[in-house]
Amino acid sequence: MWRAWHILFLLFAGLIVQAQVVIVPRQTLDAVNSPALSAQSTDLVFDETLLTPEPLSEDGGIREFSYGFENVGRDTITIGKIVTTCTCARAMCPDKVILPGQRSEIIVTYNPKGHPGRFERKIFVYADGDDAPISALRLAVEVERGADKTGLYPIGMGNIRVRRNSVDFIKGTKAVETCAFINVSDKTLILDCDAFLLPSCLTFRTEPQVVSPGEEGRLVISYDPSKGGEKQNMPVVIKGLGVPPTQAAISVNMKEK
């Protein structure tokens, strides 16, 4: 009886999991990224619908871009809303009501901070009361990484941030592994580990030995199986990070060949 109920439970759980999987049709995704324009789309003629500015810097501050246009239709157009595909870009039109023959502009302010890389942002302009956009604009930007490199180090460990907080060694194979880090404190750091907790098969050092504020370095962990003291999992607890030992440890894991 128990086995029968167990099988029924597994089948029921499988049905629930399958019910939670939603496959979004390609047409739906295309409709979100490139929606069909409204019937009035030919009434607003833009000088340019795609802007490709010179490369920006994360540290360069907010930039402003303008898309000039003219209402070439016979009817007055009232701008209802303007939607962008990223919160880093905000758009507005200084004129809500556009008379026939009138010129105006869509002003887009772009904040490159925290967005390094190459991207294309889209700006959809809607006439009041319309479900479809009257115009679709594009902003293709290339953002160079700024001086603040903390984003490269996703894991916080008190006074430092690291790219990873675990390393793997092959059992019986002498090797060296490193963890890149950056000093996010306002003081110079000389890092060491808790030698009492360090197994004899492991050694620890930093490169460089002295790390200034904002400077990058490496935590260097060496494994020598001939020294003994090996365990399956061995934490390397770093001192001087200003956090409890459980938050200041690099996990060393032993793997089979």
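Residues Leu202 and Val167 share a single hydrophobic cluster, defined by chaining ILVMFWY side chains whose heavy atoms lie under 4.5 Å apart. Taking hydrophobic clusters as Ile, Leu, Val, Met, Phe, Trp and Tyr residues chained together by side-chain heavy-atom distances below 4.5 Å, Val45 does not share a cluster with Val125. Residues Phe46 and Leu51 fall within the same hydrophobic cluster, defined by Ile, Leu, Val, Met, Phe, Trp and Tyr side chains chained together at heavy-atom separations under 4.5 Å. Cluster membership for Ile221 and Phe181, using ILVMFWY side-chain heavy atoms within less than 4.5 angstrom, is shared.
Side chain to side chain, Asn253 and Ser251 meet the donor-acceptor criterion of an N or O pair below 3.5 Å. Side-chain atoms of Glu105 and Ser66 form a donor-acceptor pair, as typed in the model, at a separation below 3.5 Å. If you check the side chains of Lys255 and Gln232, you find no donor sitting under 3.5 Å from an acceptor.
Cation-pi check for Arg63 over Tyr110 is not met; the charged atom does not lie both under 6.0 angstrom from the ring centroid and within 45 degrees of its normal.
Legend: side chain to side chain donor-acceptor pair (under 3.5 Å) pairs involving residues 95-104, not counting sequence neighbours, sorted by first then second residue: Asp47-Arg103, Asp95-Ser104.
We find that Glu120 and Arg138 are joined by a salt bridge, their nearest charged nitrogen and carboxylate oxygen being less than 4.0 Å apart. The existence of a salt bridge linking Lys171 and Glu230 is excluded, since no basic side-chain nitrogen approaches an acidic carboxylate oxygen closer than 4.0 Å. Between Lys113 and Asp59 there is a salt bridge, since at least one side-chain N of the basic residue sits less than 4.0 Å from a carboxylate O of the acidic one.
The two atoms that bring Pro213 and Asp186 nearest to each other are CG-C, 3.6 Å, heavy atoms only.
With sequence neighbours left out, the salt bridge (charged side-chain N to carboxylate O under 4.0 Å, His left out) criterion links Arg90 to no other residue.
With Asn71 contributing its side chain and Asp75 its backbone, the two residues share a donor-acceptor pair below 3.5 Å. Panel note: side chain Tyr67, backbone Ile123; no donor-acceptor pair is recorded below 3.5 Å.
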Could you go step by step and tell me if Ile238 and Asp192 meet the side chain to side chain contact (heavy atoms under 4.5 Å, CB included) rule?
CA-CA 6 Å; Ile238 303 170; Asp192 198 0; over 6 Å; no
